[in-house]
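Chain letters run A, B, ... following the sequence lines, proteins first, then strands; residues in each count from 1. All values below were derived from every heavy atom in this structure, side-chain atoms included, with hydrogens, water molecules and symmetry-related copies excluded.
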Protein chains: 2
Amino acid sequence: MLTAKFDQLVNQLRVLPGVGQKSAQRMALHLLTKKRPQGIALAHALDDAMRGIKECQRCHSLSDEEVCPLCQDPRRDDSQLCVVETAADVMAIEQTANYRGRYFVLGGHLSPIDGISADDLNIDQLVRYVTQSPIDELILATGTTVEGQTTAHFISEAVGRHVKKVTRLAQGVPMGGELEYLDSMTLGQALQNRSFL
Amino acid sequence: MLTAKFDQLVNQLRVLPGVGQKSAQRMALHLLTKKRPQGIALAHALDDAMRGIKECQRCHSLSDEEVCPLCQDPRRDDSQLCVVETAADVMAIEQTANYRGRYFVLGGHLSPIDGISADDLNIDQLVRYVTQSPIDELILATGTTVEGQTTAHFISEAVGRHVKKVTRLAQGVPMGGELEYLDSMTLGQALQNRSFL
């Protein structure tokens, strides 16, 4: 609209999730008029991350090195392995500070409708992981969508015999949840899985 | 959280307007897992724009060259000059396709509370512009905030004698506006400035 370089920047900003034409323009103008040095720093951080961040050879999460800090950390519990769909899930669980075991990232969930089969996920690598290292507990922390649950069952079948026990995340009422607004599936699960006070 | 390069990217993404920690993480993970080449292209476009885009020597809008395409365009009407606060306003007016004159960007509005006085805006440059080129109509298109209106009056005083007429944007009911939800100031202005059908 104003200049070729500006249009180029606006177009490229639209690759960011949730950013449309208007937000991209607003971002570009904000950086250009008020934050040029920060804009240049962002460009460098982006380039550095896109070229430098690899997949961890062990857990398939994101890493600057061949093996990620979580896999390298000697203080973590080798007997527990938490299987998640994406690196974002690793971050979410780490933020709870409630888990000290290892992770394994599948790279998605089974979804025949999108053409994602077991071969597209890191399931062979997971089988190799659990056969090479002795694991007591495999925690299935895939999503509670139909695809996530199907994936959990598939993994349980594939690797369950190599580990002592297979668990999955509790399903129930979320913190701060009002019962009257909760869907009946979740409420039903919460009732079924009720525990002693 | 996951890797140093990742944290760096998340921190830098937060410079974008409206992007907090969670959105920045989501953006970084989206680019890393699905759009690496586009992420690298974005980094290049950003760096290119931040280093390459200058202020137009004539209208003070954004430009790749010393003088911007709008100032260079021989088909535009030299007798009209539209004074706006920012380059974003130039884009907004260009998108209406209702104006074929020239622009002048002030670089903000007068705001004593933020310490922005006439010296911080391109007012001297505007006086020079209108004294060097003969202009019939100066259109004041600053915002309808108190600061924008004050700025408009200040400019009218400063350069009004060098031009044939000074106009400002019409104030009234916006398109698609329901009268009952409109503030009384705007409705009052719309009533005062009513026109023949």
Dump the intermediate steps for side chain to side chain contact (heavy atoms under 4.5 Å, CB included) on Leu31(B) and Leu46(A), then the final yes or no. CA-CA 9 Å; Leu31(B) 291 177; Leu46(A) 250 179; 3.6 Å; yes
Heavy-atom cut-off 4.5 Å, strictly under: side chain, backbone, both or neither for Leu29(A) against chain B?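 Contact with chain B is through the side chain of Leu29(A) alone.
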Residue Val10(A) versus chain B: region with a heavy atom under 4.5 Å: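 Nothing of Val10(A), per the 4.5 Å heavy-atom cut-off to chain B.
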For chain B, which candidate among Arg51(A), His44(A), Gln38(A), Lys35(A) shows the most heavy-atom pairs at distances under 4.5 Å?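 Option with the top pair count is Arg51(A).
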Please report the interatomic distance [atom1]([X]) to [atom2]([Y]), rounded to the nearest 0.5 Å.
X: Phe6(B); Y: Cys68(A); atom1: CZ; atom2: SG; value: 13.0 Å
X: Leu42(B); Y: Asp47(A); atom1: CG; atom2: CG; value: 10.0 Å
X: Asp48(B); Y: Gln12(A); atom1: CG; atom2: CD; value: 10.5 Å
X: Leu32(B); Y: Lys54(A); atom1: CG; atom2: NZ; value: 12.5 Å

Joint hydrophobic cluster, Leu169(A) plus Met91(A), side-chain heavy atoms closer than 4.5 Å: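 Yes: a chain of side-chain contacts under 4.5 Å links Leu169(A) to Met91(A).
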For Ala45(A) against Gln8(B), the heavy-atom pair lying closest together: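 For Ala45(A) versus Gln8(B), the nearest heavy atoms are CB-CG, 4.0 Å.
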With heavy-atom distances below 4.5 Å as the criterion, would you say the side chains of [X] and [Y] are in contact?
X: Met27(A); Y: Val19(B); value: yes
X: Ile53(B); Y: Arg36(A); value: yes
X: Met50(A); Y: Leu9(B); value: yes
X: Thr86(B); Y: Thr33(A); value: no
X: Lys5(B); Y: Leu62(A); value: no

Counting heavy-atom pairs closer than 4.5 Å to chain A, which one of Ser63(B), Ser23(B), Pro17(B), Gly39(B) comes out on top?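 Of the options given, most contacts go to Pro17(B).
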